[in-house]
Amino acid sequence: MSRYAIGVDLGGTKVEACLVDESRKILARKRRPSEPRRGRDKVVGTILELVTETAGGARYEAVGMGTPGTYAPGDDIMHGAPHTPLYEKPGLISLLRSKLAVPLTIENDANCLALAEFFAQCHGTYDTVMAVILGTGMGSGLILGNRLHRGPNGNAGEIGHTSIDINGRLCECGRRGCGEAYLSGPSLARRYKELTGETLGPEEIFARFEKGEASALLLFAESCRVMGEIFANCVNTLDLQAIILGGGVSNIRLWYDGVPPYMEKSIFGIPGRRVPILKAVLGDSAGVLGAAFLGLRKMGLMHF
């Protein structure tokens, strides 16, 4: 008899769910607007309806959910979700948990992406990798020695809020010089507007880069250097074998060729080390699939 788990990916604009079986195959996948402005009860109700609809009558045994920020069970708050203030208020997770008939496991959405992409393209080849989400913010998840590394407080891998310049750009977290202040989608747009006075998205700016526009060339030259230095710091600290990029900003092709030369100049230790930057292969299904893996682990069907 087949066994089933549900994965949920809770974002600021949408909530998505998938049903998987013990072989990790996605059997159903659905999404709806999350509408956090309509309040906690509405968000929880949407999640519950979506879980039921996605299950389609299957007797699922566990739910895993990826969220922005880091969930702290002690105060029932998701810390570090500044783009969605409702999620940083207490009670959302406990209310959802009280209404589910099966165990609920919570992880940061970057950890969920890391899990899904690791098993999709790294397992058996690399055992120590970092997966980075570049989108509205910049987050990452760590797989160290084939195990998800979350740290005692679930806060490991917050490279988006490590500073490369203590006098640098102001980040939304209040610090200066954070990677997110340079490399997130909104940050790229802000930096381009400072140079040109125009408001464009990252893909539009990259199109201008490909046409040789001076401001776009300057912006992406600095961005590649910043990303290379941040990634080299992570390699030097964790001895990473590979880095995976996901999220909307990861679709900019330049990163995969333009960043490694900067990394290689700054990686310490064994000469000639090359740490590949890999494009996420699961697209926007990575987070919700990784969340489902949390459910399968709760059921004893996966180990990481």
Write down the atom of [X], the atom of [Y], and the distance for their closest heavy-atom approach.
{"X": "G66", "Y": "A291", "result": "N-CB, 3.8 Å"}
{"X": "A156", "Y": "G151", "result": "CB-N, 3.9 Å"}
{"X": "A189", "Y": "I205", "result": "CA-CD1, 4.1 Å"}
{"X": "P202", "Y": "V249", "result": "CG-CG2, 4.3 Å"}
{"X": "L170", "Y": "A181", "result": "O-CB, 4.0 Å"}
{"X": "S140", "Y": "I159", "result": "OG-CG1, 3.6 Å"}

Nearest 0.5 Å please: distance from the [atom1] atom of [X] over to the [atom2] atom of [Y].
{"X": "T54", "Y": "I26", "atom1": "OG1", "atom2": "CD1", "result": "11.0 Å"}
{"X": "D109", "Y": "C112", "atom1": "CG", "atom2": "SG", "result": "7.0 Å"}
{"X": "E117", "Y": "L245", "atom1": "CD", "atom2": "CG", "result": "10.5 Å"}
{"X": "E158", "Y": "C173", "atom1": "CD", "atom2": "SG", "result": "9.5 Å"}
{"X": "T67", "Y": "M78", "atom1": "OG1", "atom2": "CE", "result": "5.0 Å"}

Quick check on the hydrophobic clustering: are [X] and [Y] connected, directly or via other members, by side-chain heavy-atom contacts under 4.5 Å?
{"X": "L134", "Y": "L254", "result": "yes"}
{"X": "F231", "Y": "L144", "result": "yes"}
{"X": "L240", "Y": "L113", "result": "no"}
{"X": "V51", "Y": "L296", "result": "no"}
{"X": "M227", "Y": "M263", "result": "yes"}

Donor-acceptor under 3.5 Å ([X] side chain, [Y] main chain):
{"X": "Y256", "Y": "S250", "result": "yes"}
{"X": "E264", "Y": "R274", "result": "no"}
{"X": "T84", "Y": "Y87", "result": "no"}
{"X": "R175", "Y": "H161", "result": "yes"}
{"X": "S34", "Y": "K14", "result": "yes"}
{"X": "S163", "Y": "R176", "result": "yes"}
{"X": "S187", "Y": "L183", "result": "no"}
{"X": "N236", "Y": "S266", "result": "yes"}

Report yes if some heavy atom in the side chain of [X] is under 4.5 Å from a heavy atom in the side chain of [Y]; otherwise report no.
{"X": "D127", "Y": "I143", "result": "no"}
{"X": "M302", "Y": "F293", "result": "yes"}
{"X": "C178", "Y": "T162", "result": "no"}
{"X": "D9", "Y": "V15", "result": "no"}
{"X": "M138", "Y": "V132", "result": "yes"}
{"X": "L115", "Y": "L294", "result": "yes"}
{"X": "C18", "Y": "V8", "result": "no"}
{"X": "S223", "Y": "L188", "result": "yes"}

Could you walk me through whether R3 and Y60 pass the side-chain contact (heavy atoms from CB on, under 4.5 Å) test, one step at a time? CA-CA 7 Å; R3 300 178 68 186; Y60 58 94; over 6 Å; no
Taking the six-membered ring of Y4, is NZ or CZ of R59 closer than 6.0 Å to its centre and within 45° of its axis? no
Cation-aromatic face contact K265/Y262, 6.0 Å, 45 degrees: yes
Is the closest side-chain donor-acceptor distance between [X] and [Y] under 3.5 Å?
{"X": "T46", "Y": "R38", "result": "no"}
{"X": "H79", "Y": "E88", "result": "no"}
{"X": "N108", "Y": "Y71", "result": "no"}
{"X": "S94", "Y": "D76", "result": "yes"}

Using a cut-off of 6.0 Å, state whether more than 12 heavy atoms not belonging to K279 lie near its atom NZ. yes
Short N-O contact, [X] and [Y], less than 4.0 angstrom:
{"X": "R29", "Y": "E16", "answer": "yes"}
{"X": "R253", "Y": "E210", "answer": "yes"}
{"X": "R150", "Y": "E107", "answer": "yes"}
{"X": "D239", "Y": "R273", "answer": "yes"}
{"X": "E194", "Y": "R169", "answer": "yes"}

side-chain contact (heavy atoms from CB on, under 4.5 Å) partners of L104, counting only residues at least two apart: V63, M65, I93, L96, R97, L100, I106
P33: side-chain contact (heavy atoms from CB on, under 4.5 Å) partners, not counting sequence neighbours: E35
Using the side-chain contact (heavy atoms from CB on, under 4.5 Å) rule, take F118 and Y126 through it: C-alpha gap first, then chi angles, then the decisive distance, then the call. CA-CA 8 Å; F118 173 72; Y126 306 118; 5.6 Å; no
side-chain contact (heavy atoms from CB on, under 4.5 Å) between I47 and V43, intermediate numbers included: CA-CA 6 Å; I47 294 170; V43 172; 4.1 Å; yes
Not counting sequence neighbours, which residues clear salt bridge (Lys or Arg N to Asp or Glu O under 4.0 Å) with E198? List them please. R208
Identified ring pair (Phe, Tyr, Trp, His ring centres under 6.0 Å) partner of F220 from the options Y192, F206, Y182: F206
Let me see the working for L142 and L238 under side-chain contact (heavy atoms from CB on, under 4.5 Å), right down to the final yes or no. CA-CA 10 Å; L142 296 169; L238 300 168; 3.7 Å; yes
For E49, which of R32, K30, R31 qualifies under salt bridge (charged side-chain N to carboxylate O under 4.0 Å, His left out)? R32
Of V275, T128, I230, the residue whose pairing with V235 passes side-chain contact (heavy atoms from CB on, under 4.5 Å): V275
